[in-house]
Each structure stands twice: as structure tokens, then as C-alpha cells.
Participant: 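Sharing a structure here in C-alpha cells format.
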Amino acid sequence: MSTLPDRLLSMEKHNSIFESAVRALPLPVCAAFGDAARPRPVAFAASGRVLGTRDGAKVAASFPDSVAASGNAVLTSSGINGNAARGRRVAVLFSGGPAAGGHNIVCGLKRALGPDNTLLGVRRGPKGLLEGNLFEIGDADVDGVINTGGFDFLGTDRTKIKTAAQLGQARETCIEHRLDAIVIIGGDDSNTNAAVLAEFLFRGVKADGTGVQVIGVPKTIDGDLQIGDLLPISFGFDTATRIYGEMTGNLLQDTRSSLKYWHFIKLMGRSASHVTLEVALQTKPAITLISEEVAEKKQSLSFIVDQIARIVAARADKGINHGVALIPEGLIEFIPEMNALIAELNDALARHAAEFAAVPDAEKTAFAASRLTPDNARLLASLPAYVVRMLLAERDSHGNLQVSLIPTERLLVDMVKTRLGEIGARIPFAAHCHFLGYEGRCGAPTLFDAAYTYNLGLTAGSLILDGRTGYMATVGGLDRGGAPQAIPLTGLLNIERRHGKDEFVIEKALVRMDSPAMRYLSSRRAAWAAEDLFCSPGPRQLWGEAARQMPISVALNSGAESLEFRIG
Ligand code: FBP
């Protein structure tokens with residue numbers, strides 16, 4: 001009989017009671033794949049729906065092989081593939097920030113490929129592909145990671161495969177490892193990369209002159225990779241928002257229990273506010289800022305502070321000296337005057353990079369200010385040192401400001417405090433700041449994400465065995481049983497000016513003011529500010545009624561009749 005210390009020892013390396021239990025969790029599959037216990041790959045046919053963008057002609061000129069092959073037609077399943085390819089060697093990689101459910105894509109892919117094909121994992125993301133860092137994935141490997149969170153099985157990174165040299169390296173890896181296909185699991189940029197790679201590898205890689213297939217899979221907790229009804233949400237969003245929702249709910253419960261604190265919570269999502277919107281819909285806090293609304297209504301920093309101070313004061317009048325404010329991570333870049341300042345700073349710092357690096361720390365702010373227009377220099381001088389430090393900090397590998405490092409929540413608390421002082425009345429305002437970000441990216445997937453990603457893996461594998469390339473694997477009809485489908489990547493590309501250059505991109509989907517989810521928030525926000533109407537979504541569940549919930553914003557925006565998702 002084993003002792004308790006033995007039992008504890010046996011739980012090391014991903015064998016907690018929970019992890020062991022979730023590995024046995026059965027996953028539903030779309031009816032198209034047949035029996036859930038032995039899903040089979042499907043074949044695809046054009047659905048009659050053709051995609052096009054405003055830059056379609058330029059896309060066709062730069063991606064001739066891909067566009068000629070797909071005709072930019074969306075594909076849907078035409079039934080079990082009785083003629084599925086065999087002997088294929090397929091590589092899979094993660095790209096960008098982690099998102100819950102990634103491991104299940106690898107599992108679904110392995111199941112779809114079956115014993116007649118070989119699945120290889122690429123370690124450390126796109127960089128690993130360039131370096132040829134691959135290993136064969138066995139059945140035991142996928143059994144060990146199914147339904148677990150994180151990307152740690154393979155690792156990830158943010159390398160973009162863009163230059164001729166990088167494309168050449170990727171081709172070398174394909175030749176060295178005799179690859180027939182690559183699956184790239186990533187966000188908007190990574191799927192753009194997948195389109196570029198699909199075109200580059202379309203032909204002439206193998207000795208017989210044929211190419212290597214490339215399939216993208218849509219990932220990001222930020223929720224900013226959406227394509228109408230074809231892709232209502234990327235995977236990882238549900239898990240992240242449920243984790244933040246639980247934590248926000250707990251804080252709301254604390255505010256009403258201890259009756260003395262405000263909590264300003266910044267939520268991850270560097271460009272879009274989908275995460276913040278979803279957490280607001282789940283928890284109903286007193287204040288929710290939405291970056292896209294701030295930009296659209298051209299709200300200044302001072303206006304935002306005023307609005308918050310007014311709500312704090314009105315609640316204080318009723319004896320409510322507590323509350324929660326939700327703040328999107330990317331807010332600062334959406335405030336018009338801050339956006340102008342950041343844009344000018346980006347240019348100035350890039351132009352004077354060497355000089356700036358040589359300037360002593362104490363003189364960096366003055367140096368930067370001297371390179372700005374008077375308005376921007378004044379704005380920079382008005383900001384607290386802890387914000388200025390981050391505004392001047394090193395850009396990320398793509399030249400972007402690292403917004404997650406800017407303590408916007410602290411800036412707002414400090415400014416609201418000052419504004420309340422100016423109002424005159426002695427309004428109690430004790431505030432704590434939080435940043436909920438990394439906590440949500442690697443949690444064990446919700447049932448929604450676990451089932452969704454397993455089916456995405458089955459879809460990606462099916463596309464490969466059906467000989468397709470240049471598509472994004474998706475699953476449609478998530479409230480109606482689910483159906484495998486494929487979106488031609490070239491049908492999503494547009495041209496955007498980035499860092500002074502025209503680039504093909506898949507545009508980020510921002511929160512739209514006229515979306516049903518945003519309209520719902522707008523209709524309830526005043527009531528949630530006036531009194532405590534919050535609710536606590538609780539911990540995410542994998543069994544029972546609460547397990548079957550899909551994101552509220554996704555249900556609202558897709559016109560679903562309930563919050564229940566249905567796959568299989
Ligand atoms: P992806 O777009 O790659 O999915 O990553 C999104 C994100 O989680 C953002 O919300 C956040 O700003 C960023 O990653 C942080 O990235 P890093 O891991 O590089 O700190």
C-alpha cells in the first residue's frame with residue numbers, strides 16, 4: 001500500500017489529481033468525423049462561398065499559386081475521406097503567446113493522421129522550424145498532454161518567417177526532415193506567415209517537383225482573430241476570460257464584503273478589448289473601459305479620469321465606497337493624444353537609436369522630449385515617471401511598444417485620486433491595482449476550448465490528408481454540433497503600412513461599437529455603476545451544467561439562442 005508521501009511523489013510532472021482526471025475527459029467530435037472514439041479524416045469541397053478583400057488583386061499577384069489552387073473558396077466537409085493520403089510526414093508548431101487548448105490540436109492532428117502517417121513536433125516555435133529542431137510525436141506523448149494547458153509540450157516563440165534567408169532555411173528544414181506538410185498554430189501574424197510560407201513552398205521542394213502543404217490554425221487569447229460567422233472566436237479566449245472572470249468575481253465579492261476598496265484591474269489583450277468586454281459581461285462591474293470606444297469617441301485621458309471620478313463620487317454619495325474598474329491592456333494606445341505621442345516617440349527613438357542609447361538614464365526623458373513637437377513634449381512631461389520610463393523602454397522585436405509593461409491601471413488610480421481631491425469633497429478612495437494576463441494563457445482548457453481545439457486538430461489533419469494547402473482550419477456552427485471547414489488564407493489578406501513598409505496582413509478584429517455584445521454592455525453599464533449588480537462566474541467546470549457554457553460575447557455576436565455550445 002502506498003503512503004501519502006509516495007502518492008505526493010507520484011503527482012509530480014503533471015500528475016496532480018486534477019491533471020490525471022482531465023486526461024480521461026471524453027471529448028465530443030463533430031458528426032462529420034464519425035465515431036468520437038475513432039474519429040476519421042474528412043474530405044473537403046468548395047462551399048460556394050468565395051472570399052475577397054479590398055487588396056485582392058495585389059494578393060493574387062503576390063500569391064499566384066495559392067489563389068489559383070483555392071480560388072479563395074471556403075471549403076466544407078464532403079464526408080469521410082475514403083482516399084486519405086498515407087505516408088505523410090507532418091510538422092506542427094506553436095507561434096506567439098500561449099493559449100489553452102494548443103495541446104489538444106496536436107492530439108486531434110495525431111488522431112486524424114493515424115498510424116499511416118508521421119507527426120513531428122517543432123520545438124520552440126517558428127525559430128525551431130528554421131533551426132530544424134524537430135522530433136517525432138508518439139501516441140503516448142499525446143495521451144500525456146491531452147486536455148492540459150500551456151504550450152510546454154513544444155514551446156513557442158515570436159519569430160516571423162519573412163526574409164528570403166528565413167524562407168530558404170524553412171525550405172531546408174522541409175528537405176532535411178522530408179516534410180510533406182506544416183501546421184502553424186498562431187494568431188493573425190502567424191497565419192499571415194502561414195500564407196507566405198504556403199506560397200513559397202507550393203512547388204519545387206521535393207525531388208519530384210512537388211511542394212509542402214501549409215495549414216494555419218487560429219489561436220490567441222486576445223480574441224482579435226475573428227472572421228464573422230466563419231470564425232466567431234480563436235481558441236484560448238474562453239479559458240483566459242473564464243480565469244479572469246473567476247478572479248474578477250472574487251475581487252467583486254471582496255469589495256462588497258470589506259466595503260472599503262476599489263480594484264482597478266487591467267486585463268490582457270494588447271490591441272483589442274474583447275477580453276475586457278467578455279469579463280465585464282461575465283461579472284457586471286461598476287466600470288468597464290473599452291479601448292475601441294475611447295478611440296471612436298475621441299475621449300481624452302482627462303475625460304476618462306473625469307468619468308471614473310464621477311462614478312466613484314456618485315457611489316460614495318450612496319455610501320458605496322467600493323467597486324471594480326476593468327481596463328483593457330492596450331488602452332493607452334487608443335487614447336488619441338497618447339497615440340499621437342507614442343507614434344512620434346516610436347519614430348524619434350528609431351531615428352536616434354544610437355544617440356538615445358548613449359544618453360545617461362537621468363537625461364533620457366529630456367532627450368526624448370527635445371525630439372518631440374511642443375504638444376507631445378508637454379504631454380510627456382505631465383506623465384508620472386513610472387509611465388514615462390515604460391514609454392521610453394526598449395520596443396519588442398517588431399518595434400512595438402510593450403503595452404503590457406505600462407501600468408495604466410496605476411496611472412488611472414493616481415489621476416482619479418487627484419481629480420477627487422480637486423472636486424473638494426472628502427471622498428474615500430482606497431484602490432488596489434491588478435494586472436490579469438499571464439495567469440489566463442496556460443490554464444487547463446475549458447470544455448469549450450478542449451473540444452474546439454481537438455476538432456481543429458482533426459480538421460487540420462483532414463486538410464493535409466486531402467492534399468490542401470494555404471488554408472486556415474476552422475470549425476463552424478459551434479452551437480449547432482460543429483462542422484469542419486477551411487478558410488483560404490489569401491482570402492483574408494490586405495495591405496497595411498507597418499513600420500514604414502507595405503505588408504500583407506490579416507487585419508485584427510477590434511470590438512465594434514455596433515456589435516450585439518458591445519450594445520448589451522452599453523445598455524447595462526449605467527445600472528452596474530449605480531449599484532452592485534455583479535455576479536461571480538466561479539471556477540471553470542469540466543463536468544456538469546456550467547461546463548457547457550460558451551463565451552457570452554461570442555453567443556451574443558453570433559445570434560445564438562443560449563449560452564450553451566454544442567459540438568457533436
Ligand atoms: P498572441 O497575439 O501571440 O496570442 O499573444 C497575445 C498576448 O497574450 C497579448 O495579450 C499580450 O500583450 C502579449 O501576448 C504578451 O506577450 P509576451 O508573451 O511576449 O509577453
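When a ligand or atom number is given, it counts from 1 through the structure's own listing order. Just so you know, these numbers use all the heavy atoms, side chains as well, and skip hydrogens, waters and symmetry mates.
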Participant: One thing to verify: whether E503 and K162 come together as a salt bridge, which I'm taking to mean a side-chain N less than 4.0 angstrom from a carboxylate O.
Facilitator: yes
Participant: Counting both backbone and side chain atoms, is some N or O of S95 under 3.5 Å from an N or O of ligand 1?
Facilitator: no
Participant: Under 3.5 Å, N or O to N or O, is G269 touching ligand 1 that way?
Facilitator: yes
Participant: So that I know where these two stand, are F565 and Y452 an aromatic pair - ring centroids less than 6.0 Å apart?
Facilitator: no
Participant: Taking atom 12 (O) of ligand 1 as the point of reference, which of M268, E329, K508 owns the nearest heavy atom?
Facilitator: E329
Participant: Under a 4.0 Å threshold between the charged nitrogen and the carboxylate oxygen, would E19 count as salt-bridged to K13?
Facilitator: no
Participant: Within a distance under 4.0 Å of any heavy atom of G96, pick out the atoms of ligand 1 and give their elements.
Facilitator: 3 (O)
Participant: Less than 4.0 angstrom from a charged side-chain N to a carboxylate O is my criterion; do R124 and D157 meet it?
Facilitator: no
Participant: Tell me which part of Q402 gets within contact of ligand 1: side chain, backbone, both or neither, using heavy atoms under 4.0 Å.
Facilitator: neither
Participant: Have a look at ligand 1 and work out which part of D222, if any, has a heavy atom under 4.0 Å from it: side chain, backbone, both or neither.
Facilitator: side chain
Participant: Got a salt bridge between E496 and K508, using NZ or NE/NH1/NH2 to carboxylate O under 4.0 Å?
Facilitator: no
Participant: My understanding is that only one of M550, Q549, R540 makes a side chain to side chain contact (heavy atoms under 4.5 Å, CB included) with T446; could you say which?
Facilitator: R540
Participant: Purely on distance, is any nitrogen or oxygen of R441 under 3.5 Å from one on ligand 1?
Facilitator: yes
Participant: So does R270 pair up with D222, basic N to acidic O under 4.0 Å?
Facilitator: no
Participant: Is there at least one pair of N or O atoms, one from I221 and one from ligand 1, spaced under 3.5 Å apart?
Facilitator: no
Participant: Does G187 have a heavy atom less than 4.0 Å from any atom of ligand 1?
Facilitator: no
